[in-house]
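The analysis underlying the following values was restricted to heavy atoms, covering all of them including side chains, and did not include hydrogens, waters or symmetry mates. Letters A, B, ... are given to chains in the order of the sequence lines, protein chains preceding strands, and every chain is numbered from 1.
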There are 4 protein chains.
Amino acid sequence: MTADPVTGLRADARRNRDQILAAAKQWFAVQGPDVPMEEIARAAGVGIGTLYRRFPDREALIQAVARDSFEKALAEARAAVAEEPTAWEALVRFLHQSQELRLTMQLAMTSPPRIVLRDDEERNELRRALIEVLDTVVHAAQAEGTLRGDIDTGDVAMVFALLVRQVPKTHDTVAGLAAERCMALILDGLRAPSSGAPLPGQPITAEDIGP
Amino acid sequence: MTADPVTGLRADARRNRDQILAAAKQWFAVQGPDVPMEEIARAAGVGIGTLYRRFPDREALIQAVARDSFEKALAEARAAVAEEPTAWEALVRFLHQSQELRLTMQLAMTSPPRIVLRDDEERNELRRALIEVLDTVVHAAQAEGTLRGDIDTGDVAMVFALLVRQVPKTHDTVAGLAAERCMALILDGLRAPSSGAPLPGQPITAEDIGP
Amino acid sequence: MTADPVTGLRADARRNRDQILAAAKQWFAVQGPDVPMEEIARAAGVGIGTLYRRFPDREALIQAVARDSFEKALAEARAAVAEEPTAWEALVRFLHQSQELRLTMQLAMTSPPRIVLRDDEERNELRRALIEVLDTVVHAAQAEGTLRGDIDTGDVAMVFALLVRQVPKTHDTVAGLAAERCMALILDGLRAPSSGAPLPGQPITAEDIGP
Amino acid sequence: MTADPVTGLRADARRNRDQILAAAKQWFAVQGPDVPMEEIARAAGVGIGTLYRRFPDREALIQAVARDSFEKALAEARAAVAEEPTAWEALVRFLHQSQELRLTMQLAMTSPPRIVLRDDEERNELRRALIEVLDTVVHAAQAEGTLRGDIDTGDVAMVFALLVRQVPKTHDTVAGLAAERCMALILDGLRAPSSGAPLPGQPITAEDIGP
DNA sequence: CATGAATGAGTATTCATTCAT
DNA sequence: CATGAATGAATACTCATTCAT
């Protein structure tokens, strides 16, 4: 039962690992993936050596954060599907809750590819599961008539990937609502039966975006 | 007449300055704002010393790139307004053309504020002019009935800021069209008369987002 | 009876100690005296803590390895003397067998004195005993007429110290024999009645090299 | 004329490069190849950055030292051949002078292969040239009748490689002469027409040891 | 003015050793 | 006692910036 390299840790080691992961997640979110490792160690309340014992280098740490985020995002997605009355509401809730997804996206899809994550089968697995859930909801929403019919899962993922990037907080007065309004506008774009020119190309399916 | 610190340069110095600016723009676009200065110097075909003679430090270089981008974006915006038959089409063209704007946004509004640009009156001036143009177009489009009425310039700027970030290019097959489809979907969100719940909060005006 | 810090150990502790010693000897031979301590612990199949319980620091471990090697080399030397028909053959056999001596030399006499061993009376005792045996054999060989007369024990020790360093293995074809040929050539130098210029200085005696 | 990356340096840069090389050679000789880089920089009287500008990493520095040593050793060998009346004397002088060769050997042939030098064509070229000179002298000495006939260049190189390692300086009184005596003994082994059992295997030729 | 050399502060990473479980 | 986690000092290497040529 203690085979899993993570669960099979001594209680204190386990706690440290979690703290490091949490600290890293925090810092990655505010400073991007090249925060000083010491900063992370300090935030986690451990020595730099401890951090490196758990994660042999920066890449390993990022991988771990990414996995963790995908895991949590997947759980959130499933909860949304299970608890919301309509597929549309599940989509919306998913998008709103997804702080986790946001970080994942920032780390993994940041357009200047500062860090290319090595292939990680476990992470890919999680990713696939996540897309699968999205796929289901998308089609359900289209069946409901709440999501326009000329798009597919890949399109939705694209838009999500965009939205999930932090909307820039400019001035404090408008900050809070600005993000909400952005989401609402874009959701309107998804919901509306195409009111203008037809979309270019073909719907982008789940297969199109996943390996 | 040699008072302007930029125009009053010897021809070769001027050429150097331009090459540096171009190289920096290029590199910033692919690697973000912390590319090694030497990289930029090399790409510009000048020595590192020359770069530092022109731009006393990294911040100054970024400032200059930002100004330059705002300038070009402003010109593009004005051209779009002047040449397109409708305000809506001006908006769309502006968004499509705006490679310049993209970079500006990436540099200045990147959500983890890795680099906070010092206040720069000239750049702010350009920014104001740019927003002014946008403001005009937005209201014109609303008057045309092509842009929904429950939003204002700030909302549009927000959505642009989002869109303008490079849509992640996943698989080559879908890459090209994905970005186009994203834009189209989001434009539909702007164009549509609100088809669902009303937007939260008040329209965000040009003043709300300006310094 | 449990006074001896080494023999008075519980059986398992004793076994651990031996395994550590063996692992250390192995690693020192291939990587020199600064292999990571963890490497040694791993090779010994014990935890790093256990290693440090037995040997308070790296130096102590090296000391122990050195003692152990001297002990074994001494035993080998005595066996050679006892079993070979002539003193010369004892010398030759000693040199060929002495894997143990080789390591000892590498650890203790390595010319860039990366590690200066603290004085260790027990080890010195062993060393003296070893030199004593060598001294006897050298003089016996000279009496036999098989070893040239213008040298003494210290000279032989010097040459041994040299020879005992691993002859570099260059190409596989010649590797095996190269070492043998080297030894043979040098033995010829010892055996030969000086065929050329007289040696500089005086014979180096056992006392000259002993502490 | 300034094409050579080394000779085409500014005077001061050139001086620094030389000082770094000298300092490195010095330190490598006393501490082996993992002296702290800062130590070397300090000894050279330059900043650490300067060291790294000239030699991108430790390996590059070692390579450069090795080349330099081979170069000097080659020059010494040629001088010995040119100036000594007999091939035998050239061999002897070569061996005595070769401080440079000593370091080279220590760096490149150290038996615990702590650092495996990457293949370096220039260095190999020098090495070949060096062996070629040795080859000539060896055969000349055999023609003279001063070197035993049952060996070849490779054998001599092997013995040299051994001898060239610093003979351990034990006690100051004997230190100076010990090394000389060692050499003399071993030279006697080379000179003597085999007075005992024939050497095992075949003569090791220049080709056998060189790539 | 242009150049590229020199500098050193900032970071990543390793490993000997101590200490809680 | 055995274990392996935690610690931090030591060291390699990078890059922004200054300065001599």
What one should report as the nearest heavy-atom pair of Ala66(B) and Arg123(B) is CB-CD, 3.8 Å
At less than 4.0 Å, is any side-chain N or O atom of Thr50(D) found next to OP1 or OP2 of dA5(E)? Yes or no. no
Secondary structure of DNA chain E per the Watson-Crick/G-U criterion (both distances under 3.5 Å; [ ] crossing, | other strand, . unpaired) is .||||||||||||||||||||
Could you tell me how far apart Arg42(A) (CZ) and dG10(E) (P) are, to the nearest whole angstrom? 13 Å
Please name all residues satisfying salt bridge (Lys or Arg N to Asp or Glu O under 4.0 Å) with Glu39(D), sequence neighbours left out, ordered by chain then number. Arg42(D)
Got Phe55(B) and Gln63(B) here, is their nearest side-chain heavy-atom distance under 4.5 Å? no
Quick one: Glu39(D) CD to dA10(F) C1', roughly how many Å, whole number? 12 Å
Distance check needed: dC1(E) C1' versus Leu51(B) CG, whole Å only. 15 Å
Which whole-number value in Å describes the distance from Ile40(B) CD1 to dT14(F) C1'? 16 Å
OP1 or OP2 of dC15(F) under 4.0 Å from side-chain N/O of Arg53(D): no
Distance from Phe28(C) atom CZ to Ile40(C) atom CD1, nearest 0.5 Å? 4.5 Å
So if I take every side-chain heavy atom of Asp12(A) and compare against dT21(E), dA12(F), dA2(F), which nucleotide ends up nearest? dT21(E)
To the nearest angstrom, the CZ-P distance between Arg14(C) and dC1(F) comes to 14 Å
In whole angstroms, how far is the C1' atom of dA20(F) from the CZ atom of Arg15(D)? 11 Å
Expressed in angstrom and rounded to an integer, what is the separation of Asp34(C) atom CG from dT14(E) atom P? 17 Å
Can you pull every protein N or O that's under 3.5 Å from an N or O on nucleotides 17-19 of chain F?
{"residue": "dT17(F)", "atom": "OP2", "partner": "Tyr52(B)", "partner atom": "OH", "Å": "3.0"}
{"residue": "dT17(F)", "atom": "OP2", "partner": "Arg58(B)", "partner atom": "N", "Å": "3.4"}

Show the nearest heavy-atom pair for residues Leu21(A) and Ala64(A), with the distance to one decimal. CD1-CB, 3.8 Å
Taking all non-hydrogen atoms of both residues, which atom of Leu51(A) and which atom of Ile20(A) are closest, and how far apart? CA-CD1, 3.7 Å
Ala23(C) to Ala43(C) - nearest heavy-atom pair and separation: CB-CB, 3.8 Å
Using a cut-off of less than 4.0 Å, is there contact between a side-chain N or O of Asn16(B) and OP1 or OP2 of dA2(E)? yes
Please figure out whether Val35(A) or Val46(B) has its closest DNA chain E nucleotide nearer the 5' end. Val46(B)
Does any non-hydrogen side-chain atom of Lys72(A) lie less than 4.5 Å from one of Asp68(A)? yes
Does Asn16(C) reach the side chain of Arg53(C), with side-chain heavy atoms less than 4.5 Å apart? no
Provide, to the nearest angstrom, the distance between the CH2 atom belonging to Trp27(D) and the C1' atom belonging to dT11(F). 15 Å
